[in-house]
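Some notes on the structure that comes next.
Counting starts at 1 for both ligands and their atoms, in listed order. Bear in mind the structure is a predicted one, so any value in this text is a computation, not a measurement. The figures here come from the full heavy-atom set of this structure, side chains too, leaving out hydrogens, waters and symmetry mates. All residue numbers refer to positions in the sequence shown, counting from 1.
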Amino acid sequence: MSFPNLQVVKSTSPSNSAPLASAYPVDLSVVIPIYNEEENIPHLYQALTAALEKIGKTYEIILVDDGSTDGSYAALCRLADLDKRVKVIQFRRNFGQTAAMVAGFDHAQGRVIIPMDGDLQNDPNDIPLLLQKIEEGYDVVSGWRKNRQDKALLRKFPSRIANWLIGKVTGVKLHDYGCSLKAYRAEILKGTRLYGEMHRFIPALANLMGARITEVPVTHHARKFGKSKYGLKRTLKVLLDLLTVKFLSDYSTKPIYFFGGVGVMLCAGGVLAGGVTFYDKYVKGVWVHKNPLLLIAVFLFSLGINFILMGLLAEIIIRTYHEAQAKPIYWVREMRNFEEALSGGSRSGLNG
Ligand code: UDP
Ligand code: MG
């Protein structure tokens, strides 16, 4: 498979990392959403710290408890007490993986942000591979679970189709959108706004910002403890999210082009059908009541006008959409090892 969208970055652009270094207190932020992963947490911490120590950069590990109902939060608190580089956020209820990741991104202080799963399916030893690509000048490095350890029919097959389709529609061809293990330059993430289950589309949204994107094969392990939180149901959501991403990427700043375009075409169809009605009556002597074309003309024309008006409304709405104060998509109950005081929800808001 070829990658027309993945640019090769020449090593003659050293400016990418240098000027930002001072703006970020730490080098790496690892962000991990946790939903009922009690048994995985101690193993995760051990594997992760071992891998991060080897890299030799400063780091923080942000663990976001997404409303777990088992002992996950207590386990996270134990880690936070032991290690000040472990920072914990607890949601008031389950807000979903995307919200948990966004909470971590919002509070991350690292120059490079690395999300991963909390179930040990991703391998922390792959982090250096991702960082190497960042050093080469890429803004987004996506993990590719080349040898994915999940059920073939229920998980791998739908995901293959989804990846192909997302690549086609968004123009960013990655083998594995669904892999959580990725690396982002912080400023790229701060520019994206995620809703629903949109985290898998970050590379596509980053692409809208002009990010340089690449992928590297990473190791994937089968789940040892706990259960997967997803099933086949996710596929439909992915398709609907894709529709949103496509619409936002093409028309979020100019909806009148979409609605207006459809509207004008419908009106043109209406005018045509009306013209034929007149022609039939005055040239061929066929009266309107023997001919469905008049109805079709009225229908198409009023539908067309409605589309155009909807486009104008959408133009007003997107102005609010882009300019209004961002509303939170989650509320934090408690935070550990953060300097700032807690005040309800945090930033979030628009997409794209
Ligand atoms: N997760 C979460 N909130 C949810 C569902 C999942 O924070 O509502 C976390 C989960 O704890 C794990 C990661 O998201 O760390 C990925 O979930 P899972 O392993 O179930 O997904 P899969 O690997 O099966 O796609
Ligand atoms: Mg998993």
Residue Phe157 excluded, over 12 heavy atoms near CZ under 6.0 Å | no

Look at Lys57 together with Glu135 and state whether they make a salt bridge at an N to O cut-off of under 4.0 Å.
-> yes

Crowded around Lys151 NZ? As in, over 12 foreign heavy atoms under 6.0 Å?
-> no

Testing Asp65, Leu120, Leu79, Leu63 for side chain to side chain contact (heavy atoms under 4.5 Å, CB included) with Ile41, which one passes?
-> Leu79

Consider every N or O of Lys227 and every N or O of ligand 1, then say whether any pair is closer than 3.5 Å.
-> no

Nearest protein heavy atom to atom 20 (O) of ligand 1, by residue and atom, and its distance?
-> Lys229 N, 2.6 Å

Less than 3.5 Å between some nitrogen or oxygen of Tyr230 and one of ligand 1, yes or no?
-> no

Does any donor atom in the side chain of Arg155 or Ser228 lie under 3.5 Å from an acceptor atom in the other side chain?
-> yes

Polar-atom distance check: Ala100 versus ligand 1, any N or O pair below 3.5 Å?
-> no

Classify the angle between the aromatic ring planes of Phe105 and Tyr184 as parallel (below 30°), tilted (30 to 60°) or perpendicular (above 60°).
-> perpendicular

Quick look: Glu37 vs ligand 1, heavy-atom contacts under 4.0 Å, and the answer is side chain

For Arg223, the ligand 1 atoms whose distance to one of its heavy atoms is below 4.0 Å | 18 (P), 19 (O), 20 (O)

Please determine if Lys227 and Glu37 form a salt bridge, counting it only when a charged side-chain N lies under 4.0 Å from a carboxylate O.
-> no

Got more than 12 heavy atoms from elsewhere within 6.0 Å of CZ, Phe259?
-> yes

Is there side-chain contact between Arg336 and Val86, with at least one heavy-atom pair below 4.5 Å?
-> no

Counting no waters, what protein N/O/S atoms lie under 2.8 Å from the Mg ion (ligand 2)?
-> Asp119 OD2, Gln121 OE1

For Lys254, look at atom NZ and say whether over 12 heavy atoms of other residues, nucleotides or ligands are found less than 6.0 Å away.
-> yes

Give the residue and atom name of whichever protein heavy atom lies nearest to atom 1 (N) of ligand 1, and the separation in Å to one decimal.
-> Tyr35 CB, 3.7 Å

Measure the distance from atom 25 (O) of ligand 1 to every protein heavy atom, then report the residue, atom name and distance (to 0.1 Å) of the closest one.
-> Arg155 NH2, 2.7 Å

Where is the nearest protein heavy atom to atom 8 (O) of ligand 1: which residue, which atom, and how far?
-> Asn94 ND2, 3.2 Å

Among protein heavy atoms, which lies nearest atom 4 (C) of ligand 1, and at what distance?
-> Asp66 OD2, 3.4 Å

Salt bridge flag under 4.0 Å for residues Arg111 and Asp27 | no

Residue Tyr230 excluded, over 12 heavy atoms near OH under 6.0 Å = yes

Look at ligand 1 and say whether Met101 reaches it with a heavy atom at a distance under 4.0 Å.
-> no

Nearest to atom 7 (O) of ligand 1, what protein heavy atom do you find, and at what distance?
-> Pro33 CB, 3.3 Å

Does a donor on one side chain and an acceptor on the other come within less than 3.5 Å for Asn122 and Ser180?
-> no

Between Asp250 and Lys246, does at least one N-O distance fall below 4.0 Å, as a salt bridge requires?
-> yes

Going by the 4.0 angstrom heavy-atom rule, the piece of Arg234 near ligand 1 is side chain

Within-cut-off N or O pair, Arg148 and ligand 1, under 3.5 Å | no

Heavy-atom distance to atom 19 (O) of ligand 1: which of Ile34, Ile32, Asp119 wins?
-> Asp119

Protein heavy atom at shortest distance from atom 23 (O) of ligand 1 | Gln121 OE1, 2.9 Å

Quick one: is the NZ or CZ of Lys87 closer than 6.0 Å to the six-membered ring centre of Phe338, and within 45° of its axis?
-> yes

Between Asp117 and ligand 1, find which residue part has any heavy-atom pair under 4.0 Å and reply side chain, backbone, both or neither.
-> both

Near Ser228, which atoms of ligand 1 are under 4.0 Å from a heavy atom of that residue?
-> 20 (O), 22 (P), 24 (O)

